[in-house]
Amino acid sequence: MQEVIAERQLDFYSPRGRRPKKVIVRIGKAELDETGENWRAPIEILGPKVGQVFRSRASGVDSMQAVIGAIWLVPVLLRTLTNDTGGRLEFEGSADLGFYMEPHEAFKPPASAKE
């Protein structure tokens, strides 16, 4: 992946482990494919095992569609990871990994900014 445009760090809890391992999800900058007609946004998932890397990509007719596709594909790939291992993932102590958000929710201030 040449340029990372978004990254999220998750905690992975294996069925046998007490201490979480890190899983890092990265989405790369969308680029034209070799035909010059379609766009691809790379996805990279690192972990939970040291050195373990899974790569995929989402495609689209423009860069926006490719990036949106990547954001929607990430939870599917993570579900496969947890199904295969029997583990679970958390983001900032929550089982909600934060990949799905209603559009109006994106405009609310973070909880830490509310007073």
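Positions are given from 1 along the sequence. Atoms considered below: every heavy atom in the structure, side chains included; atoms not considered: hydrogens, waters and symmetry mates.
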I45/L77 under side-chain contact (heavy atoms from CB on, under 4.5 Å): CA gap, chis, key distance, verdict: CA-CA 9 Å; I45 300 173; L77 299 173; 3.8 Å; yes
Is any side-chain heavy atom of R55 less than 4.5 Å from a side-chain heavy atom of R57? no
Indicate the atoms forming the closest heavy-atom contact of V61 with W39, along with that distance. O-CD1, 3.5 Å
Checking R8 against F99: charged group under 6.0 Å from the ring centre and within 45 degrees of the axis? yes
Any Lys/Arg nitrogen of R26 or E3 sitting under 4.0 Å from an Asp/Glu carboxylate oxygen of the other? no
Are more than 12 heavy atoms, taken from residues, nucleotides or ligands other than M64, located less than 6.0 Å from that residue's CE atom? no
Tell me the closest heavy-atom pair linking F54 and S56, and the distance in Å. CE2-CB, 3.9 Å
Any side-chain donor-acceptor pair under 3.5 Å between S94 and D96? no
Might you confirm whether atom CD of E92 has over 12 heavy atoms from other residues, nucleotides or ligands at distances under 6.0 Å? no
Show the nearest heavy-atom pair for residues L81 and G47, with the distance to one decimal. CD1-O, 4.4 Å
Enter the distance from R19:CZ to Y13:OH here, rounded to the nearest 0.5 Å. 10.5 Å
Correct closest heavy-atom pair for E44 and L46 would be OE1-CD1, 3.6 Å
NZ/K49 to OG/S14 distance, rounded to the nearest 0.5 angstrom? 10.5 Å
K22, NZ: over 12 other non-hydrogen atoms inside 6.0 angstrom: yes
Heavy-atom count check: over 12 atoms from other residues, nucleotides or ligands less than 6.0 Å from R40 CZ? yes
Would you give the length of the straight line joining atom CG of D84 to atom CZ of R79, rounded to the nearest 0.5 angstrom? 12.5 Å
Atom pair OG1/CG of T82 and L89 - distance to nearest 0.5 Å: 6.0 Å
Compare every heavy atom of G69 with every heavy atom of A58, then report the nearest pair and how far apart it is. CB-C, 3.5 Å
Please tell me if the side chains of V74 and I27 come closer than 4.5 Å, counting only heavy atoms from C-beta onward. yes
For the residue pair M1 and I43, what are the closest heavy atoms and their distance? CE-C, 3.9 Å
Can you tell me how far the OG atom of S63 sits from the CD1 atom of I5, to the nearest 0.5 Å? 9.0 Å
Basic-acidic side-chain contact under 4.0 Å: E31, K29: no
I'd like to check L10 versus L78 (side-chain heavy atoms, cut-off strictly below 4.5 Å). Are they in contact? yes
